[in-house]
Amino acid sequence: MSQRTTIPFGPQHPVFPEPIQLRLILEDERVVEALPAIGYVHRGLEKLAEQKDFQQDVFLIERICGICSFMHAMNYCQGIEQLLGLAVPERAKYLRLIWAELHRMHSHLLFLALLADSFGFENLFMQTLRCREEILDLMEITAGNRIMLTTCCIGGVRKDITPDQLKRIGTGLDRAQASLRELGGAFAKDYTIQRRLKGIGVLTREKAHELGAVGPVAKASGLAMDLRQTGYAPYPELGFNPITETNGDAYARMMVRLRELDQSAELIRAAMGRLPDTPLSVPFKGNPTGEVAARIEQSRGELLFFIKANGSKNLERFRARTPTFANLAPLLHMLPGCELADVPVIVVSIDPCISCTER
Amino acid sequence: MSLLPAKTVTPDNLLHEVAVLRQQGYRLVTLTCLDQGTGHTVYYHFDKAYQPLHLRLEIPDGQELCSVSSLYPAAMIVENEIKDHFGVKFTGLALDFQGRLMLTEAAPKTPMNRFRRCGMELDARQPAAASPAAA
Amino acid sequence: MSTRMTLGLAAVVLAPIVGGLIRGLDRVLTARLQGRQGPPLLQPFFDIIKLFQKEPVVVNRTQVFYAYLHLALIALATFMLATGGDALMLLFILAFSTLALVIGAMSVRSPFSRIGAQREIVMMVAYEPILILMVIGFYLANGSFRLQSVYEASRPMLLSLPLVFIAYLSVVMIKFQKSPFDLATSHHAHQEIVKGVTLEFAGPYLGMIELAHCYEAAFFLGLAGLFWATNAWMAALLAAGVFAVTLLLDNLCARLTTHWMFRFMWTVVFGLALTNIIWLYWR
Amino acid sequence: MLRQFGLKKSPWVVHFNCNSCNGCDIELLACLSPLYDLERFGIIHVGNPKHADVLLVTGSVNHRNARVLKNVYDQMPEPKAVVAVGVCASTGGIFRECYNVLGGIEEVVPVDVFVPGCPARPEAVIDGIVKAAEKLDLRRRGQPVSRPSLVPETHEPSPKPAAPPETVPATPASPAAPVAAPAELAKTP
Amino acid sequence: MSSIVSSEAILLLLLIAGPMIFGAAAWGVRTESARRGVVLAAVGCVVASGLALALRGPFVLAGARWLEPLGGILEAALVGVFFALGVCRRMWLVAAAAGVQAGLLVWEHFGADPASSVAPPFIVDPLSLLLVLIITLVGSVILLHGIGYMGRHAEHAPPTAAQNGRFFLVLIGFLGLMNGLVLADSLRWFAVFWEGTTLCSYFLIGHDGTEEAKASARRALTLNALGGAMLSLGMVWDHRQGGTGLISNLIANPASTPLVFLLTAAFVKSAQMPFQSWLLGAMVAPTPVSALLHSSTMVKAGSYLVLRLAPAFASTPLALVIALAGAFTFAATSAMAISQSNAKKVLAYSTIANLGLIVACSGINTPLAYAAALVVLVYHAISKALLFLCVGTIEQQIGSRHIDAMGGIFFKLPLTTTIAALGMISMMAPPFGMLVGKWMAIVSAGQTPLVLVLLVIGSALTIFFWGKWLGRIVTTAYHEKYHLEKIPRTMSAALVVLGAMVLVAGAGVMTVYRAWLRPLAISTLSHVYLQPDSLGLLQSVDSFMGWPIMVTLLVVVLAGLASFFGLRRTQVRLPYLCGENVVVGTRTFEFRSVMDQRTTAQVTSYYFTHLFGEETMTRWANLVALLILLSLFARVSLA
């Protein structure tokens, strides 16, 4: 009889909001091997996107993942716009930025809440979710839905943000940032949290690069890699610079997101201050043709859509490589050697979105 | 139709080209597979300092493709996915999921193929709950 | 004898009611600390009533014995606490009660239940010495191992055993499964081993365990009251203080790991209790 | 007298995410938040089917997770209820035509309450659980409990797998329930 | 008068020589069935004689004068055997020890004052009677089990194994030696029996003839020969200081130097740290040997000597060191047991720990502690013999001693497993004797803080290894079929008898204590009894009532049985495996995993090898134990 413990971790497991299975092999409580079994959320969305009209696809692709839905739609629209050769009006670019950053904020707050849950800090979980409701309110006010905004369309945006709503966004951000300051203090300085996060799930800079880590996971390992610098939206104009940490552990990954929250709020404020007065969208005719690899910095990192269109209203191929897909390999690298109690912390620390990963 | 600006490679020099890119500090973003009817096109997307670089590779049906997971371990997952979705076989996979990464036994086989409905003869509406009992 | 018997039986009947109220209060106050409305005060009773209405579902039939054993022994311990029995024997019965649950959890081959059970054993090993040292402290202060002597003592125990009392606080934290010690099971199962020890107990058997938790709540707060047994009000105040501290710490801490807990208990807490005991010897 | 407090006042919930895009999941998490506070109805999110009374399912069923959903449902002790949260769980939603999607969770487990919405709002989710809890109590008292169905009557029911011997036979429910009777559906505000 | 004397002499002869005769008969007969008959007869005779002695009650039998020189001759012969063994098998330490002993014998013979030589009496007092009862009752049950066990053992034993005949010769004869050891008052005869048990142990450990068995046997012989030399040294020293060579005399007029030598010998025999290695190695022997020699009787010889000498060192500076040595062994070996995965080694460590507890209690030297030591002595013998027999039975059935391999044996061996679980519960839970003993020990250690802390740590650690093991063996799951186990009737009879003994003796622990052990303790330590502290504690323990626990357990069993049979088949469901159970058949612990493969979920026990690793811990603990032992010698000057 072997001296090793074999347990299934998931798919139905309370610390994972989404179904994924890790087959863990342990010695006492130390993980020696972790293998993932995925496919519990695989729908076949890429195929469906080929069967539907490319304009309908905006709604479908928004539902790749509910947490960062707007950014999926935005990336898809940008890809199609590139194929059609459309120049999106400036105001639409700014509005997209505002919604995208709101989405990033609610996603990061959700991450913080889930992280607090994974190390068993119920109070912090509750307070973070409360703070997140502020952001959700802002999205509901501006778009009419808390999660699925559906405001992005090919050629621009579908809906404007009125001056009243802008004011409301300002006060909402104030409130969110105020409670974020308190929460941030707790997250960053609490002894028990540091105990659970520091030195856990370390990913060195070299390994992060080799395994293709993206987003906050890469940034926490010291790789200053953020596609917002490439200027697909007016980020450079607003003085955007990526946030990095150096330690590469779960704590660093949390700190990156914590700091990005403030950064996003500031980006939204700056964008609101410079909102140009142009039409919301440009009309277009015809169907797209050609191949494009569109990329965007989603809240979890680099999102890549490969779109191949052939001039008909159906796409020939739609392929999504979501950030969690890229972060799976680093995750599997981090798990062996940790304690069983740290498994949820490490898994949550990459902010996994299995729905994205499996489409 | 404007194709993605990409360098064309062959299955023979693929590993060499990828090794060169790895040497130059490129990051493997992902692989994309397209069904061309009689074969598959596989794109290898790379990135270095926000500059994308793509490799295009054509393989006829039935030919096995060498896995790049020896150079980029993370490629293992996407290669398994392509195996699931298109039936393209890879040699030298660090971990071969045997076509069961995303799909299970009751699911249609190689559903992403565009021109061939390989395995699609299976009824997609068949209840899956029956399948574990049958196993 | 007969009055003590009545007292003991009254405690057995009343303890779950008091314990249930304590647990209800715990949940309400926790919710308020988190800015929520929280459940009704009587929620633990609703839960238990519901659990007894559910279908009994087990993984194996022998499991039922352990649920009964767990409940019966904790009731017996409460009985002994009220009648002022031997304090050490009380602890052994308490340990046996926990052990019954552990063995019940081990007796199913459900992985999370087993891991939880083994963690529970580690926790027992971590807190048992503290409890025994506490009783030794009672003995050194009173010259008897019987709890009766604590009730009849002229001087509150707290004055002789301040450090032991602090050590006892962490034992209560462990027994109530509060952060940072909620390792083997927890009410809100958001943890790596799901519900740990109680995972495979369902329906009425889970109800029994919940009832036993009510006993435990009353028992351990009652034990805390012993540190000031000379005055009923002070005892109640002390128990309330212990309750408040567990509540606060639960809301201020993340869950830590088993290894941390073991090291902490066997160094810091054990050291505290031991210092107090040595001081009592030299006094 | 005390019996009536049981099931109605303390429905414990287990959540299984089938094929959801996370939209409904995060709204479920929002239900736990101080703003919506599930616990004020005595509802606890237990992670374990053995302790649960209500199974919340988000997302449609696919080939791989159908067996998991069935297992989770089978492991719950009677009386139990199932709440389908969101359009995907109800009918398959936007993903209905995907090759790996079997449809709504009705294909695998009997559903007691459908909560519409894409995603379903937290208020609607809470309402759904409370409605399910009322059904639980009725079921305990042995009263007939109607089960709504979104499957049209013309639709040929998919062949359900034969129940394994250890499965408890489902509590009798009137099969001819009105299709998606409005009263049975929690409405989105 | 003479008839009475002779009847008592016959009784003692029956007790001491009877088993040896039966052993010789078992050796002599040709067929296995005849041997079985002889062993059964031996069992009957041993039990009858033990009970007869108990009925007769305490007495002193003055021996004849010729017994003393006979003892000298026997001892010389034994020393000669040791020397020969040492030389032939190249165990130089044994040879050296035998040489020293021989020298001492010669020196004593020529230097002794012939007038001081007395007729060696045999004493039947409550303490020796207690030991005789343990030896005869528990020992004979083990013999009974041994019949079935050795019948099967022959099938799997290596070809190098010795004959079953020789095995039973030594095993049965050993009972006689042991009886003699506890009844003899003369140090000379005590030493003869003492060396005899060492020799028996050597043959029995080496029975299987494998390299490991041989090495373990050599280690046991080496250490015990050194212990024997210590015994001789103490004996001669006593003689030189004008002692009469009688144990009772030594107790009445204690002299610390011989006392310390005798105690060291006792420590070796009862495998106290740092001498524990021989007992651990002895676990390679067939299970009846482990049960008889290394748990319930031979190792008890050491504890018996300590208990016998307790009045001599009570309230001397030696007492504290002895208590400390025992308590340290208790705590350290309890910790080491946690990291063990070999079931017999866990039992061995637990045995050493409990012997340590007995030694510690003897050192605390209050009547309550002494009574605690007696309680542990009695109940440990029963429970541990039971556990060894169970493990032996299990090992023969499943072919492994690994704790983790014992998951689910409930299906295959329901009877053995139930009894084993009972044995484990009796080792750690109220109201069984072991826990009562531990409880008394902690109560009585209240005034010796260092000992107390060690006892507290040890008893907490005890829960760990028993708990995890108990949980493992009672594991059952899901509609698997229970098999009726097929084990020889002698084995199941032995298990049932011992199980019943555990239950009955467990229920009556307070009765036994009040009726027998407490008076014995008080009379032994009458000079410390009068201190008010010990008086109060004694009373506190006296008022303990076991019946509420018994009533509770009874209620639980009844309610549990009602529920057990009340559960419907459909209410037994699959375990929680995150929803990925394989639902087909009874393979309930399998889940679907990577690539939809079936994988078995399993959880091994925690061993905490990084905290309680055997090697590092042994090194440090031996060092500490050695220091404690040296300080025992250092204290001689104080005494």
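Values below: every heavy atom of this structure, side chains too, minus hydrogens, waters and symmetry copies. Numbered from 1 within each chain, the chains take letters A, B, ... in sequence-line order.
Within the 3.5 Å criterion, the main-chain N or O of A/Y40 finds a donor-acceptor partner in the side chain of D/N65. Proximity of a side-chain donor or acceptor of D/S33 to a complementary backbone N or O of A/L129 within less than 3.5 Å is not detected.
Here D/P122 is the residue among D/G93, D/P122, D/S60 with the most heavy-atom pairs under 4.5 Å with chain A. Chosen from A/M148, A/R130, A/E18, the residue pairing most often with chain D at heavy-atom distances under 4.5 Å is A/E18. Each of D/C24, D/G59, D/C88, D/S20 has some count of heavy-atom pairs under 4.5 Å with chain A, and the biggest count is that of D/S20.
Residues D/V68 and A/P19 are not in side-chain contact: their nearest non-hydrogen atoms beyond the backbone lie 4.5 Å or more apart. In this structure, A/P14 and D/H15 have side chains that are not in contact, with every pair of non-hydrogen atoms separated by 4.5 Å or more. Within the 4.5 Å cutoff, the side chain of A/L60 has heavy atoms near those of the D/F95 side chain. Looking at A/C356 and D/N22, their side chains never come closer than 4.5 Å, going by heavy atoms from C-beta outward. Side-chain contact between A/Q12 and D/P49 is present, with heavy atoms from C-beta onward closer than 4.5 Å. Residues D/L29 and A/F125 meet the side-chain proximity criterion, which asks for heavy atoms closer than 4.5 Å. Between A/R43 and D/C21 there is a side-chain heavy-atom pair separated by less than 4.5 Å.
Salt bridge status for A/E140 with D/R121: present, with a side-chain N to carboxylate O gap under 4.0 Å.
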Step-by-step side chain to side chain contact (heavy atoms under 4.5 Å, CB included) determination, D/R64 to A/V41: CA-CA 8 Å; D/R64 186 166 270 176; A/V41 209; over 6 Å; no
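Within the 4.5 angstrom heavy-atom criterion, only backbone atoms of A/I38 (N, CA, C, O) approach chain D. Neither the backbone nor the side chain of A/R359 comes within less than 4.5 Å of any heavy atom in chain D. Only the side chain of A/L110 comes within contact range of chain D, with at least one heavy atom under 4.5 Å from a heavy atom of that chain.
Residues A/H42 and D/Y99 have side chains that bring a donor and an acceptor to within less than 3.5 angstrom of each other.
The distance from the NE2 atom of D/H45 to the CG atom of A/D117 is 9.0 Å, given to the nearest 0.5 Å.
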